[in-house]
Amino acid sequence: MAYIYTIKTAVPKYELCQSQAATFMHKHLTLTDREKEKLSHLFQATGIKKRYTVLSDYTKNEIEDYTFFPKNKALEPFPSTQRRMLEYQKHALPLSVQASSAIFDENIGVQNVTHVITVSCTGLYAPGLDVELVQQLGIPKNAQRTAVQYMGCYAAFNALKLAYHICNSDKNAVVLIVCTELCSLHFQNRTDADFMLANALFGDGSAVVVVTGKKITEKPALKIKEFYADIYSEGKSDMAWYIGDTGFEMVLSHYIPKLVEKGVPVLIEKLLSRFENIHINHYATHPGGKRILQAVEKALKIDVEQHKNSYDILAEYGNMSSATVLFVLASLLDEIQKGEHVLSIAFGPGLTLESMLFEVV
């Protein structure tokens with residue numbers, strides 16, 4: 001058995017409202033007045049109020065005050081992938097520590113951690129975040145470490161599945177999962193629809209989960225009950241994430257919501273096929289965007305209120321890739337009651353559809 005003991009989250013100190021983000025894009029992209037109008041509409045239509053970033057440049061009014069981007073309107077020479085990875089290495093550890101430090105208490109101490117799983121698709125280096133967390137937090141040096149890299153928005157599910165198998169093989173296991181994404185490092189100064197959408201959606205954040213092989217306290221916990229994944233090959237080219245010379249380049253097709261709406265019913269039918277008469281009390285869908293949530297609602301015949309937590313996280317933080325669905329689950333922890341079930345769904349390159357069922361125990 002495997003139980004989510006708790007989830008903690010953290011975001012960088014720089015808050016970026018959507019109007020600020022749109023102003024930054026207007027300033028540095030070569031757009032006609034009509035294109036600027038369309039861009040502003042796109043930013044407003046996302047359902048996002050604000051996001052967070054490790055880069056202060058996005059929040060500055062004067063180009064002369066930039067510290068990451070070049071101090072000119074064209075942002076040339078545009079920051080290289082190496083330059084962006086240096087920023088990732090600078091900021092990923094402090095943000096991860098900020099989230100991790102809040103997770104230990106009188107029941108679970110740092111000395112109890114037996115496994116560390118780090119998750120990210122927005123940066124990498126070696127020795128990596130896993131090693132640095134062991135050293136910074138004081139985790140036992142013999143803790144087993146695994147890195148889940150470059151799997152996109154559904155990657156937290158793969159970390160949870162790995163923790164599930166670890167805990168089922170060792171009931172004394174205490175698995176620390178750290179999902180840290182710095183999406184704002186990868187701004188692209190291109191006007192293709194895919195890049196414009198990515199610039200409108202993504203923010204930075206870290207979510208940390210402790211998964212245990214046995215229930216630690218009397219307070220409600222999420223028991224990992226079942227999971228099911230599928231690859232919807234029809235959408236292989238509609239969501240992708242490539243490493244370019246100037247950062248990571250996101251492909252996001254407008255067709256993704258239609259593919260999600262089409263694929264989700266079969267996905268959930270297969271997930272729940274082992275069980276009889278399970279009632280889903282809470283939905284924790286990865287808010288990849290407003291239209292993604294609407295597609296899931298149509299597919300599962302649920303209403304907006306049942307997706308409230310996902311909409312709230314989208315509005316307050318934007319899409320933080322793998323960390324986002326954990327932010328949604330964290331927001332549910334104060335609402336769950338014994339005997340309830342939580343259905344969680346996420347999507348990513350492939351087109352990959354991931355689902356997980358939790359029972360509140």
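We number each residue from 1, following the sequence as shown.
Residues Phe347 and Cys153 are not in side-chain contact: their nearest non-hydrogen atoms beyond the backbone lie 4.5 Å or more apart. Residues Ile7 and Val208 are not in side-chain contact: their nearest non-hydrogen atoms beyond the backbone lie 4.5 Å or more apart. Counting heavy atoms from C-beta outward, Leu133 and Asp130 have side chains that stay 4.5 Å or more apart. Residues Met196 and Leu29 have side chains in contact (heavy-atom distance under 4.5 Å, counting atoms from C-beta outward). Counting heavy atoms from C-beta on, the side chains of Leu343 and Ile268 come closer than 4.5 Å. Within the 4.5 Å cutoff, the side chain of Thr67 has heavy atoms near those of the Ser56 side chain. In this structure, Phe227 and Phe358 have side chains that are not in contact, with every pair of non-hydrogen atoms separated by 4.5 Å or more. When side chains are defined from C-beta on, Leu357 counts as touching His341, because their heavy atoms get closer than 4.5 Å.
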Using the rule given for salt bridge (charged side-chain N to carboxylate O under 4.0 Å, His left out), can you reason through Lys71 versus Glu64, listing the C-alpha separation, both sets of side-chain angles and the distance that settles it, and then say yes or no?
CA-CA 5 Å; Lys71 303 177 191 293; Glu64 292 75 17; over 6 Å; no
I'd like to know whether Glu37 forms a salt bridge (charged side-chain N to carboxylate O under 4.0 Å, His left out) with Arg34, so could you lay out the CA-CA distance, the side-chain angles of the two residues, the decisive distance to 0.1 Å, and finally the verdict.
CA-CA 5 Å; Glu37 185 180 335; Arg34 175 60 179 156; 3.5 Å; yes
Are Glu335 and Asn309 close enough, and set up right, to give a side chain to side chain donor-acceptor pair (under 3.5 Å), and what steps lead you there?
CA-CA 11 Å; Glu335 302 175 14; Asn309 296 76; 3.3 Å; yes
In sequence, state the C-alpha distance, the side-chain angles, and the governing distance for Tyr5 and Asp105, and then conclude on side chain to side chain donor-acceptor pair (under 3.5 Å).
CA-CA 11 Å; Tyr5 173 67; Asp105 57 24; 2.6 Å; yes
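For the 3.5 Å distance criterion, the side chains of Gln18 and Thr46 qualify, holding a donor opposite an acceptor. For the residue pair Asp204 / Ser184, a side-chain donor-acceptor distance below 3.5 Å is found, with atom types taken as modelled. Under the 3.5 Å distance criterion, with hydrogens and angles disregarded, a donor-acceptor pair is assigned to the side chains of Ser96 and Thr180.
The cluster map of Ile, Leu, Val, Met, Phe, Trp and Tyr, joined by side-chain heavy atoms under 4.5 Å apart, puts Val54 and Phe68 in the same cluster. Under the 4.5 Å side-chain heavy-atom criterion for ILVMFWY residues, a single connected hydrophobic cluster contains both Leu39 and Leu201.
Lys236 contributes no side-chain N or O that, together with a main-chain N or O of Ile231, makes up a donor-acceptor pair within less than 3.5 Å. Listed for the Ser322 side chain is no donor-acceptor partner under 3.5 Å among the backbone atoms of Cys179. With hydrogens and angles ignored, the 3.5 Å screen pairs no side-chain donor or acceptor of Thr59 with any backbone N or O of Leu16. Distance alone, capped at 3.5 Å, places no donor-acceptor pair between the Glu132 side chain and the Leu129 backbone. With hydrogens and angles ignored, the 3.5 Å screen pairs a side-chain donor or acceptor of Lys60 with a backbone N or O of Asp65. With hydrogens and angles ignored, the 3.5 Å screen pairs a side-chain donor or acceptor of Thr53 with a backbone N or O of Leu55. In terms of modelled atom types and a separation under 3.5 Å, the side chain of Gln44 and the main chain of His41 share no donor-acceptor contact.
In this structure, the side chain to side chain contact (heavy atoms under 4.5 Å, CB included) partners of Thr81, at least two apart in sequence or on a different chain, are Met85, Ile243, Phe248. The ring-ring contact (aromatic ring centres under 6.0 Å, His included) search around Phe43 returns none, not counting sequence neighbours. Glu340 meets the side chain to side chain donor-acceptor pair (under 3.5 Å) test with His282; sequence neighbours excluded. Annotation: side chain to side chain contact (heavy atoms under 4.5 Å, CB included) contacts of Gln136 (sequence neighbours excluded): Leu93, Val97. For Leu162, the side chain to side chain contact (heavy atoms under 4.5 Å, CB included) criterion is met by Ile117, Thr146, Ile166, not counting sequence neighbours.
Salt bridge status for Glu316 with Arg51: absent, with no side-chain N to carboxylate O gap under 4.0 Å.
The aromatic rings of Phe69 and Phe24 lie tilted to each other, with the angle between the two planes from 30° to 60°.
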Return all side-chain donor-acceptor pairs below 3.5 angstrom for residues 209-221, not counting sequence neighbours, or 'none' if the list is empty.
from	atom 1	to	atom 2	distance (Å)
Thr212	OG1	Lys214	O	2.8
Lys214	NZ	Asn172	OD1	3.1
Lys215	NZ	Thr217	O	2.4
Lys215	NZ	Lys219	O	2.9
Thr217	OG1	Lys219	N	3.4

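Connectivity analysis of hydrophobic side chains (ILVMFWY, heavy atoms under 4.5 Å, direct or indirect) links Tyr242 to Val251. Other residues sharing the hydrophobic cluster of Tyr14, ordered by chain and number and joined by side-chain separations under 4.5 Å: none, the residue standing alone. If you chain together ILVMFWY residues whose side-chain heavy atoms come under 4.5 Å of each other, Val328 ends up grouped with Val11, Tyr52, Ile313, Tyr317, Met320, Phe327.
Here salt bridge (charged side-chain N to carboxylate O under 4.0 Å, His left out) pairs that include residues 171-182, with residues two or more places apart or in two chains, number zero. Counting only residues at least two apart or in different chains, salt bridge (charged side-chain N to carboxylate O under 4.0 Å, His left out) contacts with residues 77-92 comprise Arg83-Glu87. Screening residues 84-128 for ring-ring contact (aromatic ring centres under 6.0 Å, His included), with sequence neighbours left out, gives no hits.
For the ring pair (Phe, Tyr, Trp, His ring centres under 6.0 Å) with His186, the lone residue among Phe202, Trp241, Phe78 that qualifies is Trp241.
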